[in-house]
Amino acid sequence: MTEEFSPLENLAAKFIAFNCAVNEFDGHDFESISSAFSTIPLETYKPTVLIAKTVRGKGIKSIENRVDKWFVTTSVEERNSYLTEIINN
């Protein structure tokens, strides 16, 4: 969805072009995050770039991947509803 709204093209390829070592991982998976950080540095004498692949609003179906819900003010009722949805999943 972000790619449709604000395209980044191939972010990893851009960093690789600048001689960086790149690791892309699931930014919603704590084991993947921990593993990514434990591998730093990826290569000697190269900057390490970690790219966490995420979905905005992940876990809350009513706002997941909805651009119109990314930058809005929510009511107390909406926030409580979102928290309930997260807790029950």
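The first residue in the sequence is number 1, and the count goes up from there.
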Notebook entry, point to check: Side-chain contact, heavy-atom cut-off 4.5 Å: Arg79 with Val76?
Noted result: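 When only atoms from C-beta onward are counted, Val76 and Arg79 do touch, with a gap below 4.5 Å.
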Margin query: I'd like to know if Leu11 and Ile16 are part of one continuous hydrophobic network [Ile/Leu/Val/Met/Phe/Trp/Tyr, side-chain heavy atoms within less than 4.5 Å].
Written below: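 The answer is yes; both residues are in one hydrophobic cluster.
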Notebook entry, point to check: Taking Thr84 for the side chain and Asn80 for the main chain, is one N or O donor matched with an acceptor at less than 3.5 Å?
Noted result: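 Yes, Thr84 side chain to Asn80 backbone: donor-acceptor pair under 3.5 Å.
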Next item on the list: Please round to the nearest 0.5 Å and tell me the distance separating atom CZ of Phe15 and atom OG1 of Thr48.
Entry: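 One finds 11.5 Å between CZ of Phe15 and OG1 of Thr48.
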Check: If you round to the nearest 0.5 Å, how far is OG1 of Thr73 from CD of Glu78?
Finding: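 So the gap between those two atoms works out to 9.5 Å.
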Item checked: Co-members of Tyr45 in a cluster of I, L, V, M, F, W and Y side chains, linked at under 4.5 Å ->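 Direct or chained contacts put Tyr45 with none.
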Check: Looking only at heavy atoms, what is the nearest atom pair of Val49 and Leu42, with distance?
Finding: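 Val49 and Leu42 have their closest heavy atoms at O-CD1, 4.5 Å.
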Next item on the list: Write down the atom of Leu50, the atom of Ala36, and the distance for their closest heavy-atom approach.
Entry: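 Shortest heavy-atom contact: CD2-O, 4.0 Å.
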Counting only pairs under 3.5 Å, give me each side-chain donor-acceptor contact of residues 21-30, with atom names and distances, residues two or more places apart or in other chains.
unit_1: Glu24; atom_1: OE1; unit_2: Lys53; atom_2: NZ; d: 3.1
unit_1: Asp26; atom_1: OD1; unit_2: His28; atom_2: N; d: 2.8
unit_1: His28; atom_1: NE2; unit_2: Val55; atom_2: N; d: 2.7
unit_1: Asp29; atom_1: OD2; unit_2: Ser32; atom_2: N; d: 2.8
unit_1: Asp29; atom_1: OD2; unit_2: Ser32; atom_2: OG; d: 2.6

Margin query: Evaluate Glu85 against Ser62 for side chain to side chain contact (heavy atoms under 4.5 Å, CB included), listing each step before the verdict.
Written below: CA-CA 9 Å; Glu85 192 172 341; Ser62 58; 3.9 Å; yes
Margin query: Between Glu64 and Arg56, does the side chain to side chain contact (heavy atoms under 4.5 Å, CB included) criterion hold? Intermediate values first, please.
Written below: CA-CA 6 Å; Glu64 189 171 310; Arg56 191 118 186 191; over 6 Å; no
